[in-house]
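Working notes for the structure below.
Lettering follows sequence order; numbering is per chain, from 1.
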There are 2 protein chains.
Amino acid sequence: MSKKEVIHLYKKVIEDLRAAIENGDYQTGDLLPSENELCRSYDTTRVTIRQALSALANMGYITRKHGKGSIVSEPKTGLGILSVSGVTAGIGTQKLTTTILQKPIKQDWPADFFFPIDDSESKNGCIFFSRLRHINETPVLYEETFITNVDLPRFSSRSLENRSLFKILKEFYNVEVTEGEQKIWAIHADKNISALLNIKTSHPVVHMKRRLQTNNKGVRIYSSLFCNTEENFLRDSF
Amino acid sequence: MSKKEVIHLYKKVIEDLRAAIENGDYQTGDLLPSENELCRSYDTTRVTIRQALSALANMGYITRKHGKGSIVSEPKTGLGILSVSGVTAGIGTQKLTTTILQKPIKQDWPADFFFPIDDSESKNGCIFFSRLRHINETPVLYEETFITNVDLPRFSSRSLENRSLFKILKEFYNVEVTEGEQKIWAIHADKNISALLNIKTSHPVVHMKRRLQTNNKGVRIYSSLFCNTEENFLRDSF
DNA sequence: ACAAACAACTTGTATATACAAGATAACTTT
DNA sequence: AAAGTTATCTTGTATATACAAGTTGTTTGT
């Protein structure tokens with residue numbers, strides 16, 4: 001936009017240091033420049049610098065040590081959202097792919113939806129889609145997702161194939177998950193899930209229902225998913 | 001202790017306001033006294049008051065609104081630790097009881113423990129105990145817990161019957177969970193679990209392995225648990 | 001070579017002050 | 001009665017300064 005935006009100094013300090021940490025300019029365990037050094041760099045006072053460093057500490061980027069300095073922290077592991085993970089540490093060694101079974105479409109909320117929907121959400125309907133995830137060509141997880149139809153223009157026309165829903169929401173809509181809840185059952189796969197996951201109906205699968213809130217109060221993400229955990233598992237960290 | 005402890009003013013402000021919120025003196029949605037009012041009350045400056053209010057905001061007690069005030073927030077729901085929950089909202093309507101099958105004992109870490117144990121933890125052994133949880137007299141969850149044997153004097157002699165492990169750790173040792181990870185499988189109950197949970201071996205149960213870190217770096221809590229989710233489910237919020 | 005004391009660094013706590021910007025209440029005008 | 005303006009409240013951003021307390025490196029004494 002052509003309008004000239006002002007950025008407050010303490011926010012610039014936050015962004016500069018955050019970018020430096022995320023770009024690898026500082027490694028876990030490194031000391032950031034001291035408060036006095038940063039005062040000189042930015043030609044400002046300790047109060048301004050300390051406000052920026054306090055914010056970074058609260059976001060988990062650094063740890064403050066009295067008399068020593070600001071130490072770069074281990075990156076935060078996760079928010080607590082369960083997702084499929086490999087038997088070996090991490091999924092990097094395995095091939096995770098996602099097929100869109102149902103492309104995003106706008107629809108009414110299903111009757112008897114598995115989480116209570118409030119009136120304002122109910123009015124606008126939702127965006128619904130479903131995905132099947134494979135690990136090394138083996139289907140392991142089927143997920144149906146319902147997102148409130150608010151503040152997400154042209155979402156339905158975006159491709160989700162092999163892409164992270166959360167990354168799309170972040171990149172295009174500046175939407176980030178802030179909190180949520182998850183409910184977990186172990187069930188026998190029914191006929192539909194058996195077919196989708198290529199397993200016997202007697203096979204135990206994890207069934208999860210999840211509700212996520214975001215930094216945009218209107219945008220909520222609901223999922224129902226079924227996961228075959230014979231070779232893999234669901235994992236979260238917080 | 002007889003030694004006179006000094007408390008810094010901004011910390012006193014935090015504690016006073018936190019206690020007032022937790023005691024119900026302020027309800028969700030209420031405005032706290034303005035910064036200027038608090039300056040007068042505590043005979044101090046806005047910088048000191050703002051530091052306290054900033055800390056309360058970061059802990060989730062209040063939300064700051066430019067030009068309006070400090071609004072008391074909805075209490076934070078949870079850290080993301082899965083626990084057994086009822087079919088109806090909350091467990092309050094049902095009777096949850098806990099039986100200690102194995103009282104806390106000190107022992108070596110099991111060979112091939114389900115999470116990697118570092119050398120310093122390994123040396124000291126662990127505290128092990130197991131519990132069976134019932135909902136309305138029905139066994140629903142069996143949990144084995146291993147805690148690092150560090151900074152927990154006389155833990156083995158404490159009664160865990162019908163008491164929250166986390167509350168005991170908080171009350172007696174000032175230990176609070178800060179982060180963790182959980183791994184989830186759906187499995188058929190084996191003979192041992194079938195017997196404990198009073199179900200058929202073909203029955204699907206949730207198997208979870210969890211590792212929790214605390215504000216005391218030495219204290220970590222590992223659990224392996226099995227949950228029958230036919231009438232209930234595991235639930236977390238974060 | 002080692003221990004103690006000191007100096008110089010760091011972050012933590014605090015006071016004082018000023019202006020920017022958002023929200024709300026009170027007042028005035030239509 | 002409604003709309004516009006103004007005043008007064010609020011939090012947000014920022015400068016300047018001082019002392020407390022923790023950490024680390026240097027110097028001195030044994």
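Sorted by first and then second residue, the side-chain hydrogen bond (donor to acceptor under 3.5 Å, both in side chains) pairs involving residues 20-31 of chain B (not counting sequence neighbours) are B:Glu22-B:Tyr61. Residue pairs meeting the salt bridge (Lys or Arg N to Asp or Glu O under 4.0 Å) criterion with at least one partner in residues 47-58 of chain B, sequence neighbours excluded, are B:Glu35-B:Arg50.
The side chain of B:Thr48 contributes an N or O atom lying less than 4.0 Å from OP1 or OP2 of C:dT15. For B:Gln51, a side-chain nitrogen or oxygen approaches OP1 or OP2 of C:dT13 to under 4.0 Å. Put simply, B:Arg50 has a side-chain N or O that comes within less than 4.0 Å of OP1 or OP2 on D:dG12.
Taking atom CZ of residue A:Arg64 and atom C1' of nucleotide D:dA21, one finds them 14 Å apart after rounding to whole Å. With rounding to whole Å, A:Asp43 atom CG is found 13 Å from D:dA14 atom P. Rounded to whole Å, atom P of C:dT11 lies 13 Å from atom CG of A:Leu56. Rounded to whole Å, atom P of D:dG12 lies 8 Å from atom OH of A:Tyr10. Protein atom CD1 of A:Ile71 is 12 Å distant from nucleotide atom C1' of D:dG22, rounded to whole Å. One can place NZ of A:Lys12 at 16 Å from C1' of D:dT13, the figure rounded to the nearest angstrom.
Residues that satisfy the salt bridge (Lys or Arg N to Asp or Glu O under 4.0 Å) test with A:Lys170, not counting sequence neighbours, are A:Glu176. The salt bridge (Lys or Arg N to Asp or Glu O under 4.0 Å) check on B:Glu144 picks up nothing, with sequence neighbours excluded. With sequence neighbours excluded, no residue satisfies salt bridge (Lys or Arg N to Asp or Glu O under 4.0 Å) with A:Asp108. For B:Arg40, there are no salt bridge (Lys or Arg N to Asp or Glu O under 4.0 Å) partners, not counting sequence neighbours.
Salt bridge B:Lys103/B:Glu161: absent, no basic N to carboxylate O contact under 4.0 Å. Salt bridge present: A:Arg235 and B:Glu181 bring a charged side-chain N and a carboxylate O closer than 4.0 Å.
Where A:Ser70 and B:Tyr42 each meet DNA chain C at their nearest nucleotide, the meeting point lying more 5' is that of A:Ser70.
Taken residue by residue, residues 27-38 of chain A places heavy atoms nearer than 4.0 Å to DNA chain C at A:Ser34, A:Glu35, A:Asn36.
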Along nucleotides 20-25 of chain C, 5' to 3', which nucleotides get a B, which get an S, and which get a -, given that the test is a protein heavy-atom distance under 4.0 Å?
-BBSS-
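When heavy atoms are screened at a 4.0 angstrom cut-off, B:Leu53 is found touching no nucleic acid atom at all.
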Would you tabulate the side-chain donor-acceptor contacts of residues 147-155 of chain B under 3.5 Å, counting partners in other chains and residues two or more places apart, or write 'none'?
from	atom 1	to	atom 2	distance (Å)
B:Thr148	OG1	B:Gly218	O	2.6
B:Thr148	OG1	B:Arg220	N	2.9
B:Asn149	ND2	B:Asn124	O	3.2
B:Asp151	OD2	B:Asn216	ND2	3.0

